[in-house]
Amino acid sequence: MSTYAIVIHGGAVTMKPGQLSPEEEALQREGLALALQAGWEVLHRGGSALDAVEASVRSLEDNEHFNAGRGSGLTQQGEVQMDAAIMDGSNLQAGAVNSVRYVEHPVSLARAVMERSPHVYMAGDGALELALEYGLPLKPPSHFLTEKTQQEWLKTKQEELAQPAGHDTVGAVALDQAGNLAVATSTGGIEGQLKGRVGDSPVLGGGTYASNDACAISCTGDGEVIVRGALAHEVYALVKYKGLPLVEACQAALQLHDEDLKGDKGMIAIDQAGNIALEFNSNLMRRAYRVADGEPYIAMWKDE
């Protein structure tokens with residue numbers, strides 16, 4: 001049996017001590033474990049890396065404790081708009097969507113764009129119409145308006161923040177038993193963002209990239225910073241063209257133009273040898289991985 005592995009993240013952010021309650025932390029750790037298991041089971045029974053990353057991300061999209069799908073942050077208008085991307089490292093096929101509403105699993109819509117449409121990237125109403133055409137599950141606005149996100153939105157409005165707050169994302173990278181890589185990333189954006197804002201998650205080479213000849217990468221953190229640095233593709237290029245080991249490539253990408261690209265940055269990555277990287281410059285990145293029959297690893301804080 002060939003090596004197989006899955007790595008997931010639930011967002012990187014800098015937090016003050018005590019800002020995350022013990023109860024919320026426990027729920028997020030539980031969510032990471034469930035999402036990791038969903039993807040690992042696909043790989044363990046010989047399924048594809050593409051199916052595995054979709055399964056893990058769908059699990060996180062269903063969990064209101066992560067900023068994707070059901071738990072998405074709200075725009076300035078108090079609405080949900082979601083972005084997602086998925087990429088197959090075996091053939092560079094990819095699909096991405098942004099500013100999507102009502103779709104229960106944006107990552108599955110991104111995959112439908114990849115596999116069933118002539119395009120790579122669809123936005124807004126056009127993406128929603130494809131979801132309707134393909135029969136993907138839709139949910140009413142109330143499904144996405146959780147108590148947690150509404151409280152965060154109210155706090156943002158009351159404090160009249162000059163800048164949007166929060167920038168969590170979810171993502172997964174995987175290596176299957178056939179030696180193929182894949183990546184999926186999904187997000188509800190940043191709390192209080194302008195309507196129509198697009199971050200790094202659905203941008204191929206920005207926050208999402210996979211190619212069998214190097215690695216698969218999913219980023220998280222300040223989207224504007226990550227997309228300006230094209231950090232996912234930077235990791236790919238450092239591995240492929242400079243020959244850097246995966247961890248070193250991720251560390252170099254995090255430090256790229258650091259004076260101009262200040263902000264929270266994190267990424268997970270995997271290569272065809274099953275090497276794993278979990279690198280971030282914040283004090284927290286929700287993360288987990290499992291390699292073959294090894295024990296699951298789940299962590300959140302920098303010092304774990």
Side-chain angles (χ1 to χ4, degrees), residues 1-12 29 32-44 47-57 59-60 86-90 169-185 207-221 226 231-240 242-255 265-282 284-304:
M1 184 180 291
S2 300
T3 298
Y4 58 96
I6 186 158
V7 191
I8 67 173
H9 73 74
R29 287 181 184 271
L32 288 171
L34 291 171
L36 185 70
Q37 182 69 14
W40 180 84
E41 286 179 355
V42 172
L43 298 174
H44 184 64
S48 71
L50 198 66
D51 287 344
V53 295
E54 182 184 10
S56 285
V57 170
S59 177
L60 292 165
I86 193 166
M87 188 167 185
D88 186 341
S90 70
T169 308
V170 306
V173 295
L175 168 70
D176 63 30
Q177 295 183 41
N180 293 318
L181 300 171
V183 58
T185 312
T208 302
Y209 201 75
S211 177
N212 277 8
D213 61 359
C215 53
I217 315 99
S218 176
C219 297
T220 176
I226 292 167
L231 295 190
H233 195 271
E234 183 73 15
V235 174
Y236 165 79
L238 289 169
V239 172
K240 179 173 174 57
K242 200 169 182 179
L244 289 186
L246 191 63
V247 170
E248 289 183 27
C250 289
Q251 291 172 345
L254 287 179
Q255 297 166 13
K265 292 172 278 188
M267 57 186 64
I268 57 173
I270 190 169
D271 65 19
Q272 277 198 311
N275 297 309
I276 285 170
L278 308 99
E279 299 297 322
F280 52 104
N281 67 356
S282 57
L284 180 148
M285 184 171 79
R286 305 160 184 93
R287 60 202 187 274
Y289 70 81
R290 188 172 184 183
V291 179
D293 285 322
E295 289 297 312
Y297 167 86
I298 297 171
M300 292 180 59
W301 300 98
K302 188 78 170 181
D303 57 358
E304 290 186 65

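When reading the values below, keep in mind they use all heavy atoms of this one structure, side chains included, and skip hydrogens, waters and symmetry mates.
When atom types are taken as modelled, the side chain of Thr220 and the backbone of Gly266 share no donor-acceptor pair closer than 3.5 angstrom. Without hydrogens or angle criteria, Trp40 side chain to Ala292 main chain gives a donor-acceptor distance under 3.5 Å. Here the side chain of Ser2 pairs no donor or acceptor atom with the backbone of Ala178 at under 3.5 angstrom. Side-chain N or O atoms of Arg287 include none that pairs as donor or acceptor with a backbone N or O of Ile8 at under 3.5 Å. Checked by atom type and distance alone, the side chain of Gln177 pairs as donor or acceptor with a backbone atom of Leu43 at under 3.5 Å. At least one donor-acceptor pair under 3.5 Å links the side chain of Lys302 to the backbone N or O of Phe280. No donor-acceptor distance shorter than 3.5 angstrom exists from the side chain of Asp176 to the backbone of Ser48, with no hydrogens or angles considered.
If you check the side chains of Glu41 and Gln37, you find a donor sitting under 3.5 Å from an acceptor. A donor and an acceptor atom, one from each side chain of Asp88 and Asn180, are nowhere located under 3.5 Å apart.
The side-chain heavy atoms of Val291 and Thr3, taken from C-beta on, include a pair separated by under 4.5 Å. Contact check for Glu279 versus Lys265: no side-chain heavy atoms found under the 4.5 Å cut-off. Residues Met267 and Ile226 fail the side-chain proximity criterion, which asks for heavy atoms closer than 4.5 Å. With a 4.5 Å cut-off on side-chain heavy atoms, Leu181 and Val173 do not count as touching. In this structure the side chain of Asp293 reaches within 4.5 angstrom of the side chain of His44, judged on heavy atoms. Counting only heavy atoms from C-beta outward, the side chains of Pro245 and Asn275 never approach each other to under 4.5 Å.
Here the CG-CG distance, from Asp271 to Leu175, works out to 8.0 Å after rounding to the nearest 0.5 Å. To the nearest 0.5 Å, the span separating CD on Glu234 from NZ on Lys242 amounts to 9.0 Å. With values rounded to the nearest 0.5 angstrom, Gln251 atom CD is found 12.0 Å from Asn281 atom CG. In this structure, Ser211 OG and Ile217 CD1 are separated by 9.0 Å, a value rounded to the nearest 0.5 Å.
Annotation for Gly207 and Ala232: closest pair C-CB, 3.9 Å, computed over non-hydrogen atoms. The shortest non-hydrogen separation linking Tyr297 to Leu36 is O-CD2, 4.4 Å. Shortest non-hydrogen contact noted between Leu32 and Ala299 is CD1-O, 4.1 Å. Nearest heavy-atom pair across Leu278 and Ala288 is CD2-N, 4.5 Å. Heavy atoms only, all atoms of each residue included: Ala216 and Ala210 are closest at CB-CB, 3.7 Å. When all heavy atoms are compared, the tightest approach of Ile6 to Ala52 is CD1-O, 3.9 Å.
Ionic pairing of Glu304 and Arg29 is present here: one or more N-O contacts between side-chain nitrogen and carboxylate oxygen are shorter than 4.0 angstrom.
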Practice item. Carefully, step by step, assess Val42 and Glu54 under the rule side chain to side chain contact (heavy atoms under 4.5 Å, CB included). Key: CA-CA 10 Å; Val42 172; Glu54 182 184 10; over 6 Å; no
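Tested against Ser218, the residues Thr169, Thr208, Thr185 include a single side chain to side chain donor-acceptor pair (under 3.5 Å) partner, Thr185.
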